[in-house]
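Scroll down for the structure; my scribbles are underneath it.
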Protein chains: 2
Amino acid sequence: MQTTSPDIDTAANILKLLGDKTRLGIVKIVSEQECCVCEFVDLFQMTQPAVSQHLRKLKDVGLVSESRRGQWIFYSLNKTYPFLDFVQKVIEQIPSQKFKLEELEAQGKRICCD
Amino acid sequence: MQTTSPDIDTAANILKLLGDKTRLGIVKIVSEQECCVCEFVDLFQMTQPAVSQHLRKLKDVGLVSESRRGQWIFYSLNKTYPFLDFVQKVIEQIPSQKFKLEELEAQGKRICCD
DNA sequence: TGTATCCATAAGGATATACTTATATAATGA
DNA sequence: TCATTATATAAGTATATCCTTATGGATACA
């Protein structure tokens, strides 16, 4: 699916949003697998409010979307984000972060709702 | 020429640098044609020190390089920047800014050293 | 030599950013 | 109903960022 090409001001705003290592990590991770807040807290060794505030910025522009499952809220890339292609071409150039989720899994800290 | 793929922290720092509309504009423009400081001042309608400070940030990480010609200092993309591919894939997705230089040309404000 | 132009740098201030702690909301389960 | 867990939000703070004004250095030219 082809999305819109951003003008230069829009692109700068998107890059500023991605120009934080926590948010870039979140976006890369949810581009590979959906994930809930407490997992990010573990992955980034940050407080829960700090993570929530980064997620809010990503959600406010529509780059990620949330879906509640019981107590947990899972975040994923929003497939209808207007500039998704732009973001994808950026994040596909950085290394996969799947190993981080695998580390969580090995520690038995992965959240699973079945 | 293939350059290095950035790790996620490095990528975040690069994106933060590009996440400013003035710097992103500068990088896009010098990726298309070298340009001197006074032209950026005209293009962005900013003070000369403000432009110089953005250029310094870009120069400090090695993304742009300068070459003096008489009074003028011309800036261009540094072809030996280690993460040039990463930056190129970002900026090739935003619209060409050549029209801005053409507007300068039409106003007789383009600097030319022959 | 003096002056004008181009550019860099320093210092200061207003605002933005990213965290902290405290608290509120929502769902779960005893 | 009450306690627990997951998450969001509010308020405060330290620092970063981006501009401003002032000034200095380098080059060109009369």
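Labels below follow one simple rule: chain letters A, B, ... track the order of the sequence lines, proteins then strands, and each chain is numbered from 1.
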Compile the donor-acceptor pairs under 3.5 Å between side chains in residues 48-62 of chain B and protein atoms, sequence neighbours left out, one pair per line.
from, atom 1, to, atom 2, distance (Å)
B:Gln48, NE2, B:Ser52, OG, 3.2
B:His54, ND1, B:Arg23, NH1, 3.1
B:Arg56, NH1, B:Asp60, OD1, 3.2
B:Arg56, NH1, B:Asp60, OD2, 2.8
B:Lys59, NZ, B:Glu66, OE1, 3.2

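Between A:Val41 and A:Thr47, every side-chain heavy-atom pair lies at or beyond the 4.5 Å cut-off. At a threshold of 4.5 Å between non-hydrogen side-chain atoms, the residues A:Pro6 and A:Phe83 count as touching. Here the side chains of B:Trp72 and B:Cys38 are in contact, with some heavy-atom distance below 4.5 Å. Within the 4.5 Å cutoff, side-chain heavy atoms of A:Leu77 are placed close to those of A:Gln88. Looking at B:Ser76 and B:Val64, their side chains never come closer than 4.5 Å, going by heavy atoms from C-beta outward.
When rounded to the nearest whole Å, the span between CD1 of B:Ile73 and P of C:dT5 equals 17 Å. At whole-Å resolution of the value, CZ in B:Arg56 and C1' in C:dA10 are 11 Å apart. Look at CD1 on B:Ile111: it is 13 Å from P on C:dT5, rounded to the nearest Å. In this structure, B:Leu18 places its CG atom 14 Å from P of D:dT17, rounding to the nearest Å. For the pair A:Met46 CE and C:dT21 C1', the interatomic distance rounds to 15 Å; values are reported in whole Å. A straight line from CZ of A:Phe74 to P of D:dA8 spans 12 Å, rounded to a whole angstrom. Whole-Å rounding puts the B:Arg68 CZ to D:dA28 C1' distance at 11 Å. Taking atom CG on A:Leu55 and atom C1' on C:dA18, their separation rounds to 14 Å, with Å as the unit.
The base of D:dT5 is paired with the side chain of A:Gln71 by a donor and an acceptor separated by under 3.5 Å.
Remark: the backbone N or O of A:Ala12 is not paired with any side-chain donor or acceptor of B:Lys21 at under 3.5 angstrom.
The side-chain tip of B:Arg69 points at the ring of B:Phe74 from less than 6.0 angstrom away and within 45° of straight on.
Closest non-hydrogen pair, A:Phe86 versus B:Val90, comes out as CE1-O, 4.0 Å.
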Go through the steps to decide whether B:Leu104 and B:Phe99 satisfy the test side-chain contact (heavy atoms from CB on, under 4.5 Å), and finish with yes or no.
CA-CA 9 Å; B:Leu104 267 198; B:Phe99 71 96; over 6 Å; no

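Pairs passing the side chain to side chain donor-acceptor pair (under 3.5 Å) check and including a residue from residues 93-108 of chain B, sequence neighbours excluded, read B:Glu32-B:Ser96.
At a non-hydrogen distance threshold of 4.0 Å, A:Gln48, A:Pro49, A:Ser52, A:Gln53 from residues 47-54 of chain A come into contact with DNA chain D. Shown for residues 19-37 of chain A: residues whose heavy atoms fall under 4.0 angstrom of DNA chain D, namely A:Cys36, A:Val37.
End-to-end axis angle of the helix from C:dT1-D:dA30 to C:dA30-D:dT1, from C1' rotation axes over five pairs per end: 10° (rounded to 10 degrees).
At the heavy-atom level, A:Tyr75 lies under 4.0 Å from the strands shown only through sugar-phosphate atoms.
Classified by interplanar angle (parallel below 30°, tilted 30° to 60°, perpendicular above 60°), the ring pair A:Phe44/A:Phe40 is parallel.
B:Thr10 and B:Asp7 share a donor-acceptor pair across their side chains, judged by distance under 3.5 Å alone.
Ion pairing of B:Arg110 with B:Glu39 is present here, as a side-chain N (NZ or NE/NH1/NH2) and a carboxylate O approach within less than 4.0 Å.
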Would you tabulate the nitrogen or oxygen pairs shorter than 3.5 Å linking the protein to nucleotides 14-16 of chain C?
none

